[in-house]
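What follows is a set of notes on a single structure, which appears directly below.
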Amino acid sequence: MSSLDRTVHAIGAGLLISLGLLSPWLKDKRLKRIASNLIAVVGGVLLADAVLHLLPNAIAEFIYGSHR
């Protein structure tokens, strides 16, 4: 993994943790909705990044594994 990828993962994990800890203390409904939307977006980006790393390896393993 490159240093940029590690940085993106660290920032994403930090955002998820801080938004998750901040969310219960928000009283305004609009701020709660914004925080939950941000959690969903950051989680989705991290999940998409993980899929982009794992999916090509799985496809290559399937293709080249069947040629043995």
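Both L15 and I34 belong to a common hydrophobic cluster when Ile, Leu, Val, Met, Phe, Trp and Tyr are linked at side-chain heavy-atom distances under 4.5 angstrom. Residues L52 and L46 fall into different hydrophobic clusters, defined by Ile, Leu, Val, Met, Phe, Trp and Tyr side chains chained together at heavy-atom separations under 4.5 Å.
Taking Ile, Leu, Val, Met, Phe, Trp and Tyr as hydrophobic and joining them when side-chain heavy atoms fall under 4.5 Å apart, one finds I17 in a cluster with L21.
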Side-chain donor-acceptor pairs of residues 35-43 under 3.5 Å, sequence neighbours excluded:
unit_1, atom_1, unit_2, atom_2, d
S36, OG, K32, O, 3.3
S36, OG, R33, O, 2.9
N37, ND2, R33, O, 3.4

Expected list for residues 22-31: side-chain donor-acceptor pairs under 3.5 angstrom, two or more places apart:
none

side-chain contact (heavy atoms from CB on, under 4.5 Å) between D5 and D49, worked out: CA-CA 9 Å; D5 203 30; D49 184 54; 3.4 Å; yes

